[in-house]
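Below you'll find the structure, written out as structure tokens, and then a few comments.
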Protein chains: 2
Amino acid sequence: MKLSEAKQQFISTWGAMGTHWGINRTMAQVHALLMISPDPLTQDDMMAQLNISRGNVNMNIRDLIDWGLVERVLIPGERKEYFVAEKDIWKVATQITKERKKRELDPMMKLMDQLSKVEGDKKDKEVKAFVDAVNGIKKFGTQADHMLDVLVKSDENWFVSTLMKLFR
Amino acid sequence: MKLSEAKQQFISTWGAMGTHWGINRTMAQVHALLMISPDPLTQDDMMAQLNISRGNVNMNIRDLIDWGLVERVLIPGERKEYFVAEKDIWKVATQITKERKKRELDPMMKLMDQLSKVEGDKKDKEVKAFVDAVNGIKKFGTQADHMLDVLVKSDENWFVSTLMKLFR
DNA sequence: TCGAATTTTCAATAATTTTTGAAAATTAAA
DNA sequence: TTTAATTTTCAAAAATTATTGAAAATTCGA
């Protein structure tokens, strides 16, 4: 398989995967493109390579920056802005994990705390089924929370240690 | 907060979460409704409680069954079909994990294997960046695969052991 | 400060996904 | 069988989400 074809495959598959991961297709494609680029790219580069409009690139780049997956880089003497993606896939995974924990798990847990205080007779099977479900989710959420923390923390260490190697 | 209000909140939030988890809003709502129901429900029950059409209930129930999260139950002497959801949230989580591994991770890994065989000079920085990215993902995927297996297996044991308790 | 290059915004449009509802198929009681 | 209850299907409609592109805003060199 030729590089150009392989690139296309990679970008399109990563895009399709993105939709399963809670980010939109184009955002994942932009990310994919940047992940396999040896050099920083401009918005125009991405427009050309992915065949999408300026506005689209711009918005998705902004989202990727919010997710902590892409950053702006300044190239001395250049007027245009350049962008690079985090290349370390473990870093990508922990970053996504962290963000989703913040955006999804934390608010869910807050709600469950409220819902577990529902009024009503615990003898009523309707009430009991509800409270049981909510408490189950709370317990699960707490455990998941800890597990994810361990993962993210261990990975931060791992990341730091890999990074350190580069400097010694 | 009253039960009816709490239920509504629960269903609507679980539905919103579903969209982040790769399943559609209504499917997640049907699942939520079944999770907090002490008794099996019919399609008509769900139509009434969620205000959705018969076809919609039917399709989403089918999907939930495919995901292994809901099952049909027969109530002796009743003509209609009844449905119950897996109530154990850990079981739900491992089931989803298993399915997503099968649907997302496995195909992704297969593709990466192909893509790592891209032709071209490894000295070319374009080729190198591509191969590095693909190999990084392969390594990551393999580790994730093992991790998920451990999770699912340990949980299967845990589930079996909880189940056993019911019978002794 | 000015003005060209570049980035950002956002209303309109396009594409995609979900939902409906009625017809067809299936099921099981009589 | 026949028939009425129930489930399933799927084309059309509605709702949602993503994309465009041009105008507005910003940035930076001269």
Side-chain angles (χ1 to χ4, degrees), chain A residues 11-34 40-67 69-84 103-104, chain B residues 11-34 40-67 69-84 103-104:
Chain A
I11 290 169
S12 111
T13 307
W14 200 256
M17 281 298 134
T19 63
H20 294 293
W21 281 82
I23 66 178
N24 85 35
R25 188 183 316 279
T26 306
M27 183 169 152
Q29 287 185 352
V30 171
H31 186 230
L33 176 60
L34 286 171
L41 300 180
T42 64
Q43 294 196 173
D44 291 85
D45 294 334
M46 301 182 223
M47 286 169 65
Q49 296 212 43
L50 301 175
N51 255 290
I52 57 178
S53 71
R54 182 176 305 287
N56 202 0
V57 168
N58 191 274
M59 285 178 133
N60 283 303
I61 279 285
R62 176 147 55 67
D63 283 350
L64 283 165
I65 291 174
D66 284 349
W67 275 82
L69 297 174
V70 164
E71 58 181 41
R72 263 172 245 276
V73 292
L74 291 170
I75 299 214
E78 291 273 4
R79 181 79 146 77
K80 284 188 171 174
E81 291 182 319
Y82 285 76
F83 300 90
V84 289
R103 293 170 192 217
E104 296 165 36
Chain B
I11 290 169
S12 110
T13 306
W14 200 257
M17 283 297 133
T19 63
H20 294 293
W21 283 81
I23 65 178
N24 84 34
R25 190 184 314 280
T26 306
M27 183 169 153
Q29 288 184 352
V30 170
H31 185 229
L33 176 60
L34 285 171
L41 301 180
T42 64
Q43 295 196 170
D44 291 87
D45 294 333
M46 300 181 224
M47 286 169 66
Q49 296 212 43
L50 301 175
N51 256 291
I52 57 178
S53 71
R54 180 176 307 285
N56 202 1
V57 168
N58 190 275
M59 288 179 131
N60 286 113
I61 279 285
R62 177 147 56 67
D63 283 350
L64 283 164
I65 291 173
D66 284 349
W67 275 83
L69 297 174
V70 163
E71 59 181 38
R72 263 172 245 276
V73 293
L74 291 169
I75 300 215
E78 291 273 4
R79 181 77 146 77
K80 284 188 172 173
E81 292 181 319
Y82 284 76
F83 300 89
V84 289
R103 293 171 193 216
E104 295 166 37

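So that the names make sense, note that chain A is the first sequence line, chain B the second, and so on, each numbered from 1.
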Contacts of Ile23(A) meeting side chain to side chain contact (heavy atoms under 4.5 Å, CB included) (sequence neighbours excluded), chain-then-number -> Met27(A), Ala28(A), Trp67(A)
At a cut-off of 3.5 Å, list every protein nitrogen or oxygen paired with a nitrogen or oxygen from nucleotides 25-29 of chain D, distance to 0.1 Å.
| from | atom 1 | to | atom 2 | distance (Å) |
| --- | --- | --- | --- | --- |
| dT27(D) | O2 | Arg79(A) | NH2 | 3.0 |

Shortest non-hydrogen separation from [X] to [Y] and the atoms involved:
X: Ala32(B); Y: Ile11(B); answer: CB-CA, 4.0 Å
X: Phe83(A); Y: Ile61(A); answer: CE2-CG2, 3.4 Å
X: Gln43(B); Y: Asn58(B); answer: OE1-ND2, 2.9 Å
X: Leu74(B); Y: Pro76(B); answer: O-CD, 3.7 Å
X: Met46(A); Y: Ile52(A); answer: O-CG1, 4.4 Å

Arg103(B) meets the salt bridge (Lys or Arg N to Asp or Glu O under 4.0 Å) criterion, sequence neighbours left out, with Glu99(B)
Euclidean distance, atom [atom1] of residue [X] to atom [atom2] of [N] [Å, nearest integer]:
X: Arg62(A); N: dA18(D); atom1: CZ; atom2: P; value: 14 Å
X: Asp44(A); N: dG21(D); atom1: CG; atom2: C1'; value: 14 Å
X: Met59(A); N: dA18(D); atom1: CE; atom2: P; value: 11 Å

Sequence neighbours excluded, which residues qualify as side-chain hydrogen bond (donor to acceptor under 3.5 Å, both in side chains) partners of [X]?
X: Glu104(A); answer: Arg100(A)
X: Arg79(B); answer: none
X: Asn60(A); answer: Asn56(A)
X: Glu81(B); answer: Arg72(B)

Exercise. Are more than 12 heavy atoms from other residues, nucleotides or ligands located less than 6.0 Å from atom CD of Glu71(B)?
Worked result: no
First and last nt of DNA chain C near chain A, cut-off under 4.0 Å to heavy atoms, 5' to 3', are dA4(C) to dT17(C)
Quick note, salt bridge (charged side-chain N to carboxylate O under 4.0 Å, His left out) partners involving residues 40-49 of chain A, not counting sequence neighbours, are Asp44(A)-Arg54(A), Asp44(A)-Lys80(A)
The correct set of residues in residues 24-32 of chain B placing a heavy atom under 4.0 Å from DNA chain C is Asn24(B), Thr26(B)
Ordered by number, residues from residues 46-54 of chain A within less than 4.0 Å of DNA chain C (heavy atoms) are Arg54(A)
